[in-house]
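Input: a single structure, listed below in structure tokens.
Positions are given from 1, in the same order as the sequence printed here. Just the heavy atoms: all of them, side chains too, but no hydrogens, waters or symmetry mates, feed the values below.
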Amino acid sequence: MVELSGAERRALRARAHKLDPVVIIGDKGLSAQVLSEIERALCAHQLIKVRAGAADRDARARMLASLVEATGACAVQEIGKVFVLYRPAPPDEPPAAPPAPTRS
């Protein structure tokens, strides 16, 4: 998991402000399907909002901790029933070395 500085967290909160939740956790809680959707959304967008359904405050805190642990993402913000998660994109493989010039 990546540790975020205060400035990075603040910048991510500002970027997330205009986002809509991409995953909604229903009455069944964190099922395998919900976790796979969150994983897909993090791979595609890196910064997402997740809405927890009708869970109480303690259950939402446990849900957020489980999400962070399962996905390796950082919890940027939690406001009421909405979580903001961030996971940087994995670095691409380094580019191959260009071929050596040939002399003719």
If Ile, Leu, Val, Met, Phe, Trp and Tyr residues are connected whenever their side-chain heavy atoms lie under 4.5 Å apart, and connections chain through other members, are F83 and I24 in the same group? no
Could you tell me which non-hydrogen atom of [X] sits nearest to which non-hydrogen atom of [Y], and how far apart they are?
| X | Y | value |
| --- | --- | --- |
| L35 | A70 | CD2-CB, 4.2 Å |
| A16 | V84 | CB-CG1, 3.7 Å |
| C74 | L4 | CB-CD1, 3.9 Å |
| M63 | A52 | SD-CB, 4.1 Å |

Answer whether the closest heavy-atom distance between the side chains of [X] and [Y] falls below 4.5 Å.
| X | Y | result |
| --- | --- | --- |
| L67 | E69 | no |
| Y86 | Q46 | yes |
| I38 | I48 | yes |

Among all residues two or more places apart in sequence or in another chain, which pass the salt bridge (charged side-chain N to carboxylate O under 4.0 Å, His left out) test with R40? E37
Please name all residues satisfying salt bridge (charged side-chain N to carboxylate O under 4.0 Å, His left out) with R60, sequence neighbours left out, ordered by chain then number. none
For residues 12-34, which residue pairs pass the side chain to side chain donor-acceptor pair (under 3.5 Å) check, not counting sequence neighbours? S31-Q33
State whether the side chain of K49 and the backbone N or O of V82 hold a donor-acceptor pair below 3.5 Å, judged by distance alone. no
Could you check L42, L85, L12 and say which one makes a side-chain contact (heavy atoms from CB on, under 4.5 Å) with L47? L12
In terms of side-chain geometry, is the basic nitrogen of E39 or R87 positioned less than 4.0 Å from the acidic oxygen of its partner? yes
